Number of protein chains: 2
Amino acid sequence: MAIGIKISLNEGLYQRDPQETPLGQKIIKHSILLIDELGFEAFNFKKLAKRMKSTEASVYRYFENKHMLLLYLVSWYWEWVSYLIDIHTMNIDDPKRCLKIIIENFVYASKENPSIEYVNENILHKIIIAEGNKVYHTKSVDKENQEGFFTNYKKLVQKVSDVIVKICSDFPYPHALASNLFEMANNQIYFAQHMPRLTDVVVEDDNFDEVEKMLEYFAFSLLCK
Amino acid sequence: MAIGIKISLNEGLYQRDPQETPLGQKIIKHSILLIDELGFEAFNFKKLAKRMKSTEASVYRYFENKHMLLLYLVSWYWEWVSYLIDIHTMNIDDPKRCLKIIIENFVYASKENPSIEYVNENILHKIIIAEGNKVYHTKSVDKENQEGFFTNYKKLVQKVSDVIVKICSDFPYPHALASNLFEMANNQIYFAQHMPRLTDVVVEDDNFDEVEKMLEYFAFSLLCK
DNA sequence: TTCGAATGATAGTAAAACTATTACAGGTGA
DNA sequence: TCACCTGTAATAGTTTTACTATCATTCGAA
């Protein structure tokens, strides 16, 4: 895919747009690597600064705190998946085919590469699976939701919901199915990797084919009765 | 229901069994209230000690840290839901009826009361919805999983899976459906409350009927094709 | 009555999560 | 060329968190 696309995100997410400067891009790049390594709880700006050979204060000029940085990364991912869905379904009329592509992109958002040199989509995907839902499980959800910090997720869900309605116009829960497919994709991959008794699929390394197959089974069982 | 049941949990979860002493029970009681009030991130043992008029050091004698305390509460909930399912399906042969009861208990685990005086099941349920999956989204999942800290969840999922297989013996993903029904119940309630665009159901106050109906629709669409 | 376990009181440490101040380097516009 | 403005660095400080350690007290069991 083309180098140089710019993901557009809510300006409230950052203090200064990290996509605009070399230092900002370095912050994105190394935070993805370091959060993956340490986990979000052990990750902090001091360690990040040390790793990227800058200072804590400089990182704070780009992001208010580590929660906002994670929210930025997750929003970036939501937008990235939206973008992938758009380009892959562009010329496809059959909504069932579209939904299959959507599911493929939920499960394999990282297969495309390299796209933007300072974002390792593969590792970002791991972060989404492991830490993604922490961004909205906070006491400040409602305030942040009002400020539009979750718009990218909602737009993604709306896009998928539209396809669902095209497949089955009287399906009563298109948004719930859309959000559940996204959450379920991440959850079941995580379960397969860490608590296999909670699922029936097996994943090894980066092969999520069974998860993809299962999501298709769930979706089309519901929509094509 | 009967006063005096004792929920049995992995001994590794705590330093000293909180169910055994008045102070332990006070810790459980007030931590449920305070986590609900502050959210898990802002909650800490200092604030808890102050609230319950004890000391930080005393709390540390029962739980290694706040993560283990949350894990204890969540395990308690998993076991509690298991227990509710058991007593409500005890004399019921029809597995479809059983699954309906399971879904009802996923959504309304709190309707029973009062059961154990130091646990407010209603507020605990709110905590599960808002913070529940933080207990296994950590860098220490694998280690904690090996020590059996998630056994209660797995047992619950296995129980539901057994019922699913009874309904439809050739359903290929019984464990995934079981864990997804549980996760989806909590997620969709949370979405309805905080990001309604991500779902189609409406909940107000403690009325989760629409969520219950939706889960039944999903489950039985998949199982009774 | 005395022993010991449970709790309380107090204090202290190390790290995390910021904030503030000053300095400097490189390009810009007058 | 000089004043200046922006981005980054260096340094140092504050408050809060997450513990740990020590010793005193209390209260029931032996």
Side-chain angles (χ1 to χ4, degrees), chain A residues 11-31 34-35 37-73 118 131 134-135 137-140 143-144, chain B residues 11-31 34-35 37-73 118 131 134-135 137-140 143-144:
Chain A
E11 293 187 4
L13 293 170
Y14 45 78
Q15 310 279 103
R16 187 191 306 287
D17 188 350
Q19 294 183 100
E20 301 266 284
T21 69
L23 184 64
Q25 299 182 1
K26 249 176 87 180
I27 291 173
I28 300 306
K29 177 179 176 175
H30 286 96
S31 63
L34 201 56
I35 290 174
E37 270 177 48
L38 304 177
F40 186 63
E41 278 68 37
F43 167 87
N44 65 38
F45 282 1
K46 191 167 208 158
K47 292 173 187 167
L48 174 60
K50 191 180 172 191
R51 169 69 68 99
M52 54 186 275
K53 300 203 164 73
S54 178
T55 64
E56 220 182 333
S58 295
V59 180
Y60 275 104
R61 288 203 192 88
Y62 282 83
F63 292 101
E64 200 185 332
N65 51 46
K66 71 176 185 172
H67 171 251
M68 293 306 293
L69 172 54
L70 182 63
L71 183 47
Y72 181 93
L73 295 177
Y118 56 92
E131 325 276 3
K134 289 175 190 170
V135 299
H137 281 118
T138 69
K139 269 287 158 181
S140 47
K143 207 183 57 178
E144 290 177 2
Chain B
E11 294 187 6
L13 292 170
Y14 45 79
Q15 311 279 104
R16 187 194 306 288
D17 187 349
Q19 296 184 99
E20 301 267 284
T21 70
L23 183 65
Q25 299 182 0
K26 250 176 87 179
I27 291 173
I28 301 306
K29 178 179 177 175
H30 287 96
S31 63
L34 201 57
I35 291 174
E37 270 176 47
L38 304 177
F40 186 63
E41 278 68 37
F43 168 87
N44 65 39
F45 282 1
K46 191 167 207 157
K47 293 172 188 169
L48 173 60
K50 191 180 172 192
R51 170 69 69 97
M52 55 186 275
K53 299 200 166 73
S54 175
T55 63
E56 220 181 331
S58 295
V59 179
Y60 275 103
R61 289 199 187 95
Y62 282 83
F63 292 101
E64 200 186 331
N65 51 46
K66 71 175 184 173
H67 170 251
M68 292 306 293
L69 171 53
L70 183 63
L71 184 48
Y72 181 93
L73 295 177
Y118 57 92
E131 326 276 4
K134 289 175 191 170
V135 299
H137 280 119
T138 69
K139 270 284 159 182
S140 47
K143 207 185 56 185
E144 290 177 2

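None of these values were measured; they are calculated from a predicted model. The sequence lines fix the lettering, A, B, ..., with proteins before strands; numbering per chain opens at 1.
Here the side chain of Gln15(A) pairs no donor or acceptor atom with the backbone of Phe63(A) at under 3.5 angstrom. At distances below 3.5 Å, at least one donor-acceptor pair connects side-chain atoms of Lys66(B) with backbone N or O atoms of Glu41(B). No donor-acceptor pair closer than 3.5 Å links the side chain of Lys29(B) to the backbone N or O of Met52(B).
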- Using a cut-off of 4.0 Å between protein heavy atoms and nucleotide atoms, how would you tag nucleotides 13-30 of chain D 5' to 3' with B, S and -? ----SBBBB---------

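The phosphate of dG8(C) (OP1 or OP2) has a side-chain N or O of Ser54(B) nearer than 4.0 angstrom. Within the structure, a side-chain polar atom (N or O) of Ser58(A) is placed less than 4.0 Å from OP1 or OP2 of dA9(D).
Crowding of Lys139(A) atom NZ: a count of heavy atoms from other residues, nucleotides or ligands under 6.0 Å exceeding 12.
Contact annotation: the side chain of Asn65(A) approaches that of Met68(A) to within less than 4.5 Å [non-hydrogen atoms, C-beta and beyond].
The NZ-C1' distance, from Lys26(A) to dT8(D), rounds to 11 Å in whole Å. In this structure, Gln15(A) atom CD and dT6(D) atom P are separated by 16 Å, rounded to whole Å. For the pair Glu20(A) CD and dG7(D) P, the interatomic distance rounds to 10 Å; values are reported in whole Å.
In this structure, Lys50(B) NZ and Asn44(B) CG are separated by 11.0 Å, a value rounded to the nearest 0.5 Å.
Using a 4.0 Å heavy-atom cutoff across all strands shown, Tyr62(A) reaches sugar-phosphate atoms only and no base atom.
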